[in-house]
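Remarks on the structure that follows.
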Amino acid sequence: MIQRRLLYEALQLFITTWLAVTIVFLLLRAMPGNILVAQLEESGASAETIAAAVQQFGLDKALHIQYADSLLNMIRGTFGRSLSSGIPVGMLLQQRVVNSLIMVGSAFMLSSITAGLVAWLAHQSAPIYQRLIDAACAVIFSLPAFWIGTLILMLNLSTLRVPQSSLLLPVTVLWLQMTGLILTTLRQSLTILSGEAHVAFARSKGLPEHYVFRRHILPMAAIMAASVMGNHLAVLMGSTVSVEVLFGQPGLGSLLLKAVLERDYFTAQGAVVVIVLLASLFSFTARVITVWIDPRLRHSL
Amino acid sequence: MRLPAAVLILMVLACLAAPVISPYSPDETRPEAVSQPPSSTHWLGTDYLGRDVLARLLYGGQRTLFVAGAATLLAALSSVILVTASLVVPFVAGIVYIVARAVLAFPMFIFVLLLLLVAGRHDVGIILALGLGQVAGFVTLLRVQAGITLSRDYVTASAALGATRQHLVHTHIRRDTWPTVMWYTSVIFAYTIGSMATLGFLGIDPQPGRAEWGAMLAEARYTAVVAPWGVLAPASAIAGAIWSVQRIGVLIHRQHL
């Protein structure tokens with residue numbers, strides 16, 4: 001059963017990645033021009049030099065052969081070289097992946113803790129505070145990241161004066177947003193769960209509220225939050241782009257943005273593959289965690 | 001519901017009445033009036049090129065609200081049609097959900113960026129990109145909601161009495177999913193307003209240079225210390241629009257519970 005499940009997951013991962021690469025391949029080549037030719041033309045290179053460079057990158061071959069080459073390269077784990085700088089895409093990706101993982105990962109851990117604590121505080125406090133917290137979360141979560149980022153940047157320029165290059169500021173923005181999201185999900189599921197029969201039973205046994213919360217309410221709420229976060233963490237890897245641009249941090253999102261705008265084919269393909277793989281990895285991990293918390297969900301993994 | 005609705009209506013009216021409210025053109029640069037603080041001539045001051053911030057805010061708002069509204073309508077209509085079709089015709093359901101799953105695994109930002117590049121350098125491109133980017137999530141949500149209704153005993157009873165799928169969709173499912181449709185439409189509207197601003201902020205607006213809230217914020221952030229009004233005006237506009245839309249959605253949803 002488990003083997004079949006894993007096989008299915010692998011198949012789905014394969015299809016998604018393949019679809020993603022194909023879409024990027026076709027769409028980027030459907031648009032005229034690319035950075036390689038543009039750079040050479042700008043520097044006044046002769047037609048022969050340009051033709052030689054195009055040939056060197058294999059861009060003169062028929063489209064279907066280029067496509068097959070791209071796919072074969074990817075299976076071998078190489079992505080070719082960047083059209084704009086000539087650096088192997090694998091090397092470009094390496095630095096970016098580490099940077100993105102550090103940013104998103106630390107923000108995620110911080111916000112899980114914050115969300116858990118605030119949810120516990122809200123659970124105990126008066127309805128008016130609960131509504132205040134809920135409203136604040138909803139607004140923070142739905143504001144675009146660059147909005148929060150710009151205000152934090154302004155605050156930093158005028159009072160805080162944290163060095164621009166540090167990861168502290170971008171992580172703060174991501175932390176605020178993720179806390180908003182996790183907390184919203186947690187609060188919704190907490191409200192539903194507090195009315196459940198098994199919770200009422202635990203309370204009527206005379207168990208202290210913090211025990212009921214920790215043992216009977218929080219795990220179930222965490223399941224719902226985990227499945228939401230599994231999808232969102234993946235999305236965040238790509239959409240941290242405005243935070244990366246704002247704070248000048250090199251990450252996956254800004255790499256992909258630049259590559260797509262420049263039609264740097266190989267970099268764009270590599271970045272998309274890495275983002276889709278990470279996305280699938282996160283949502284799979286989230287599902288494994290859900291099952292670990294609640295074994296009854298095993299068949300739905 | 002009164003306050004958020006009032007804020008939204010006020011914003012829409014102000015943006016529509018832009019030529020009446022502000023005598024300035026949003027794109028007219030005036031080197032003699034650079035980075036001026038709010039005054040009686042320039043209610044919200046001027047930016048680093050001497051353009052009137054209020055005029056840019058209002059004309060930018062026209063565009064943002066129109067594009068986001070159109071994208072939201074596109075997303076909502078096509079999702080409702082797709083879900084209805086897939087509830088009635090099982091064959092459609094298979095295709096719709098396979099495609100929806102594949103799209104959902106794709107980070108939204110890339111999806112929108114690619115669609116935008118293909119759809120062309122026009123506002124129609126943004127509308128298509130932002131709208132279609134939301135369909136997969138919407139369809140999945142509605143399908144789950146409809147599934148819950150279909151599993152209810154009274155629906156089973158109705159089906160056992162000989163009610164057709166069309167009839168069930170028309171009566172029970174429509175009534176049960178309506179609040180979700182309204183609420184999620186508001187979520188998408190808030191999200192598209194934010195995305196539109198993000199596109200402007202990142203400079204991938206297909207019409208660069210045109211007044212847009214996110215782009216205004218991006219340009220003003222370099223002079224934020226000497227001219228904070230340039231940042232605060234578009235920032236409050238974005239926050240106000242998103243907050244009111246989202247609040248209205250929550251309240252509509254709550255009324256139906």
Worksheet, complete the sentence: residues 211-222 of chain B vs chain A, non-hydrogen distance cutoff under 4.5 Å, contacting residues -> B:G214, B:L217, B:R221
Worksheet item: Taking 4.0 angstrom as the limit, do B:R63 and B:D123 come out as a salt bridge?
Response: yes
Worksheet item: Can you tell me how far CD1 of B:I9 sits from CZ of B:R2, rounded to the nearest 0.5 angstrom?
Response: 12.0 Å
Worksheet, complete the sentence: Most heavy-atom pairs under 4.5 Å with chain B, out of A:L261, A:V245, A:L151, A:V260, belong to A:V260
Item to complete: Take atom CG of A:L11 as the centre, draw a 6.0 Å sphere, and report whether it contains more than 12 heavy atoms from other residues, nucleotides or ligands.
Response: yes
Worksheet item: Out of A:L256, A:V274, A:L255, which one pairs with A:R96 under the side-chain contact (heavy atoms from CB on, under 4.5 Å) rule?
Response: A:L255
Discussion item. Does any backbone or side-chain atom of A:I15 lie under 4.5 Å from a heavy atom of chain B? Answer side chain, backbone, both or neither.
Written reply: neither
Worksheet entry | Heavy-atom side-chain contact between B:Y191 and B:S195 under 4.5 Å | yes
Discussion item. Please check this pair: side chain of A:S242 against backbone of B:T198, looking for a donor-acceptor N/O pair closer than 3.5 Å.
Written reply: no
Worksheet item: What part of A:S158 is in contact with chain B, defined as an atom under 4.5 angstrom from a non-hydrogen atom: side chain, backbone, both or neither?
Response: neither
Practice prompt. Name all residues meeting the ring pair (Phe, Tyr, Trp, His ring centres under 6.0 Å) criterion together with A:Y67; count only those two or more places apart in sequence or in a different chain, and write none if there are none.
Written response: A:F25
